[in-house]
Amino acid sequence: MKKQIMILGLMLIFLCSCGSQGKEPSDKDDAISLQAPSTEAGEKDITQVTVTEYPLPEEVAALEKLDLMDMGFYADKEQSMHNSNQLNAGYLTTDEVGNVYYVDYTQHAIFMCGPEGEDKELLYEGVGGYLHISSGYLYFVEVDVETLYCIGIVRVDINTKEAEVLYENLCGELFVMQDILYNNVSGLVSMKLEEPDGEFTRLSEIECVFLNTDGRYILYNMVTDDTDFLFQRGYLLAWDTETETNYLVESRKVFPLLAGNWLSYSDLWKGSRHVLDLETGTDTDLGYYAQHAVSDGNKLYWVKQSTGSFQIMVWDGEEVQEFLTVEGKEGVHGDVFLYLTEDYLYWMFESVFLKEADWGYYRFSDGKTGRLN
């Protein structure tokens, strides 16, 4: 139970990052206004840095060390976007025909709709995170917003809207890969989706958060009890799904995002997000701190926040630019989560923790912006 509470706490910290709450606008429709990308986007100097190794805790010191540059990591475009949405707590996902599924904290529900909010249907009355679609079902972790208690892993039939709680009180991250569901409560566990009532298989006892994959290895941060933030030393481990072995990869890499040939991560000591090129070894400091980022392997997007508005930044592999400015709620410094699909960039601006959030989108084909909810 203690470990479950700790992981639930980690999930809640990550889901909201405790954005400040401010006064609510009188007219919800005026809560967000959108501006097209600036043609005179500001640029930031990008500094090349070297990541320093730190001493390792005993429980991972005995693990075999794999060199990050020798592992052959590569995430294709689809996997890169999947990893991105996972890192942003999975409040939005899509299926193979382009339907969008998203969590609406304002209406306390999960909706299914077209890519721009058309043909909206209520799918589930309740909220949570880590949405995944597989074989006609939506899987997610449901949270009670009043008690902040994790209800469990829920499965909803997309056609019939029938729902069932597969595992009560099971918290943490839900991660689906190759028809296998992974969860990170008290270590790494797995379950075959074709056997939803079966038992979880224990893969590793090592506490873990922020799961990513290249299709074979599951990359994650190790949770440690010797730091204030539990994972701030950034120990990066990898579970090999073929050999069923844990490996030590790196340290000082937090909130990892594997996209294309890049490993993007946050450096809590320098207070900035980096991109490590896994082919050349070049480590680029983007000059901004960001827990959440999204990428298709070619560009990386993240949020630069200020009270009442936020800027979505973009890095194209060479330079940083301001991509889009979104005007939020006056006097509110909320949290922002990004989601990337083939044709759209979505964002959720959470102005009141687990209570109120607004959704917007940007269409890549012509720069159109709009509201999703």
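- One distance of note links OH of Tyr362 with CD1 of Ile312; it measures 10.0 Å at 0.5 Å rounding.
- With sequence neighbours left out, Asp70 forms a salt bridge (Lys or Arg N to Asp or Glu O under 4.0 Å) with no residue at all.
- Contact detail for Phe364 and Thr341: the closest heavy-atom pair is CE1-O, 4.3 Å.
- Taking each heavy atom of Phe337 and Ala89 in turn, the nearest pair found is CE2-CB, 4.4 Å.
- For Glu125, the CD atom counts as loosely surrounded, since its 6.0 Å shell holds 12 or fewer non-hydrogen atoms of other residues, nucleotides or ligands.
- Across Lys77 and Glu342, no two heavy atoms sit closer than the pair NZ-OE2, 3.0 Å.
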| message | Lys161 vs Leu123, test: side chain to side chain contact (heavy atoms under 4.5 Å, CB included). Steps then yes/no. | response | CA-CA 6 Å; Lys161 311 297 190 298; Leu123 191 62; 3.3 Å; yes
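- Ring geometry for Tyr339 versus Trp359: interplanar angle of 30 to 60°, hence tilted.
- Remark: Lys253 is positioned above the aromatic ring of Tyr265, its terminal NZ or CZ atom under 6.0 angstrom from the ring centre and at most 45 degrees off the axis.
- With hydrogens and angles left out, the side-chain atoms of Glu142 and Tyr124 include a donor and acceptor closer than 3.5 Å.
- Closest non-hydrogen pair, Leu300 versus Ala293, comes out as CD1-CB, 4.2 Å.
- Looking only at atom types and distance, the side chain of Asn169 has a donor-acceptor partner in the side chain of Tyr149 under 3.5 Å away.
- By the 30° and 60° cut-offs, the orientation of the rings of Tyr91 relative to Tyr105 is perpendicular.
- Residues passing the side-chain contact (heavy atoms from CB on, under 4.5 Å) test with Phe111, sequence neighbours excluded: Tyr102, Asp104, Gln107, Ala109, Lys120, Leu122.
- Taking the six-membered ring where tryptophan is involved, the planes of Phe175 and His82 are perpendicular, since the angle between them exceeds 60° and thus also 30°.
- One side chain, Ser272 or Asp285, offers a donor N or O that lies under 3.5 Å from an acceptor on the other.
- In this structure, Tyr217 and Tyr247 have perpendicular ring planes: the angle between them is above 60°, well past the 30° mark.
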